[in-house]
Amino acid sequence: MTAVDNTLLADLQMRGLVNQMTSPEDLAEHLQESRVLYCGFDPTADSLHIGSLVPLLVLRRFQQAGHKPLALVGGATGMIGDPSFKAQERKLNTVDIIAQWVDRLKKQVSAFIEFNDHGNSAEVVNNYDWTKNVDVLTFLRDVGKHFSVSAMIQKESVKQRLDRDGEGISFTEFAYIILQSFDFSELYKQYNCSLQIGGSDQWGNITGGIDLTRRQHRAQVFGLTLPLVTKSDGTKFGKTESGTIWLDAKKTSQYAFYQFWINTADADVYKFLRFFTFLSEAEMVAIEEQDKAAQGKPQAQGVLAAEVTRLVHGEEGLQAALRISESLFSGQLEQLTGDDLQQLFLDGMPASDTQQAELTLVQVLVESGLAKSNKMAREFITNNAVSINGEKISEVDAVLSPASGLHGQYHVIKRGKKLFHLLRWA
RNA sequence: GGUGGGGUUCCCGAGUGGCCAAAGGGAUCAGACUGUAAAUCUGACGCGUAAGCUUCGGUGGUUCGAAUCCACCUCCCACCA
């Protein structure tokens, strides 16, 4: 057996990562030995987004403390759709699509946990494996019989949906909790898994599984939920003007990912350090105090962005993100060499090639996506929001050609304070 | 299956024949101020340089004119069965 770090719970609490636990004293006692725990990830898209980062990292924290993590990919539950705290019934995705997504998620999830740790290697499991062959009658008799509908409709996670005018819930979604509960019970049976973690919205589903496991196997298992990540200004965490922040570099470049964290508000950044990094409490406190003393621009955002980008995209991904960020925000674009610019291309900076001999600035803005329409492009130019190679441009009919570019080939177009696009002339 | 209520621009939500590209709020974007913050102020927010064009679940109708009226279809909700 692997040695167990029994300060784990205290560390999680220090980080603010514990929302609720079932029987806290018993759980603390239980975790004195190496245990098996799981967390589920449903395929609702072709990639996970940063909303899943907290549970993924907590799985890792458990593994580092000597426990064995199972990352469950919801091949079965993903076909149903979790209604928990969702305002509306969701559209079902096709079976093919879900199967593709499951494959993607398996890979993604795997990056956060270790598979060759001797005593407590991680495993990825798919609930489709034990759900696909259960026939309806068996399911209703052996599993469904343990659930009381009156208890299920009391669950806070579906209550608001039931109470809300203009919305309802199908039996399919209503039955979701039974499927997830069945997972916990099965994992207990197959792996002796005795703890499920998840977001705070999963409390109802987790306690459902605990009850089912007790009824089917007369076993005491545990649940722990993590807090919902909230921002001080009340807006939703994980979204920017350009949409969701994904963990897949093809959907959100390392650069964009890094920038997302750099832009964390002061009011949130110290909390996020605790949630999303493995820095020790002492290190984090030191950062906070230095920032307070310094008065100027805090360093916390930079630390957070670097740590999280490294966790998700590796050291190389971080370096790429840093190269782009430093080039663009240093304000010294003219000092970039041709090689530097070439590297930005490779690093995943938003960029495009053109074969044209010349382009109007309005065209460039629209084609690069920096402006949604010609009208908006003109508006940006007149508002002084656009600069090229570091120089503000305010002529609506400006025209670009290779000759005016850096090294006769590149234009760095900036719209607003933070959005860039690199244009290369072929 | 029956009865009733709904589907408005990214979201919420007004609008019941012309004054409606459609109130108001939120979100978002830009500028000023800054630290690639926060707060605040200003402006933008269907497309089009403009004339104008395309929108209010879908199709077809009534009308000089429809998001608004009618018919059918479709989806959602509530109650009843």
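So you know, we letter chains A, B, ... as the sequences are listed, proteins then strands, and number each from 1. We use all heavy atoms of the structure for the numbers below, so side chains are in, but hydrogens, waters and symmetry mates are not.
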query = Considering only side-chain heavy atoms of A:Pro298, which listed nucleotide, B:G35, B:G48, B:A44, is closest?
reply = B:G35
inquiry  = Please tell me whether A:Thr337 and A:His407 have a donor and an acceptor in their side chains that are separated by less than 3.5 angstrom.
reply    = no
task = Counting Watson-Crick and G-U wobble pairs only, both distances under 3.5 Å, name the nucleotide matched with B:A78, or none.
result = B:U3
query = So what does A:Phe380 touch, heavy atoms closer than 4.0 Å: a base, only the sugar-phosphate, or nothing?
reply = sugar-phosphate
query = Counting just side-chain N and O atoms, does A:Lys418 come under 4.0 Å of either OP1 or OP2 of B:A37?
reply = yes
query = With no hydrogens and no angle check, do the side chains of A:Asp183 and A:Gln196 hold a donor and an acceptor under 3.5 Å apart?
reply = no
request  = Output the single nucleotide from B:A37, B:A44, B:U36 whose closest atom is nearest the side chain of A:Ser325.
outcome  = B:U36
remark   = Mate of B:C72 across any strand shown (Watson-Crick or G-U wobble, both atom pairs under 3.5 Å) is B:G58
ask   = In whole angstroms, how far is the P atom of B:G31 from the CG atom of A:Leu419?
value = 10 Å
note = Result for 5'-nearest mapping on RNA chain B, choosing between A:Asn374 and A:Gln301, is A:Gln301
note = Judged by nearest nucleotide, the residue sitting upstream toward the 5' end of RNA chain B, A:Glu379 or A:Ser170, is A:Glu379
task = Could you check which of B:G48, B:G35, B:U34 has an atom nearest any side-chain atom of A:Lys417?
result = B:U34
ask   = With both distances under 3.5 Å as the test, what is the Watson-Crick or G-U wobble partner of B:C41?
value = B:G31
request  = Just call it for A:Asn263: base, sugar-phosphate, or nothing, with non-hydrogen atoms closer than 4.0 Å on any strand.
outcome  = base
message = Just to verify, which of A:Met349, A:Lys418, A:Gln259 counts as forming a side-chain contact (heavy atoms from CB on, under 4.5 Å) with A:Leu328?
response = A:Met349
task = Measure from the side-chain heavy atoms of A:Ser373 and tell me the nearest of B:G35, B:C47, B:U36.
result = B:C47
task = Once you apply the 3.5 Å cut-off to both distances, tell me the Watson-Crick or G-U wobble partner of B:C47, or none.
result = B:G52
remark   = Under a 3.5 Å limit on both distances, the Watson-Crick or wobble mate of B:U9 is none
request  = Tell me whether the OP1 or OP2 atom of B:U49 has a side-chain N or O from A:Arg378 closer than 4.0 Å.
outcome  = yes
query = Would one find more than 12 heavy atoms of other residues, nucleotides or ligands at under 6.0 Å from atom NZ of A:Lys372?
reply = no
task = Assess whether one donor atom and one acceptor atom, taken from the side chain of A:Asp266 and the base of B:G35, lie less than 3.5 Å apart.
result = yes
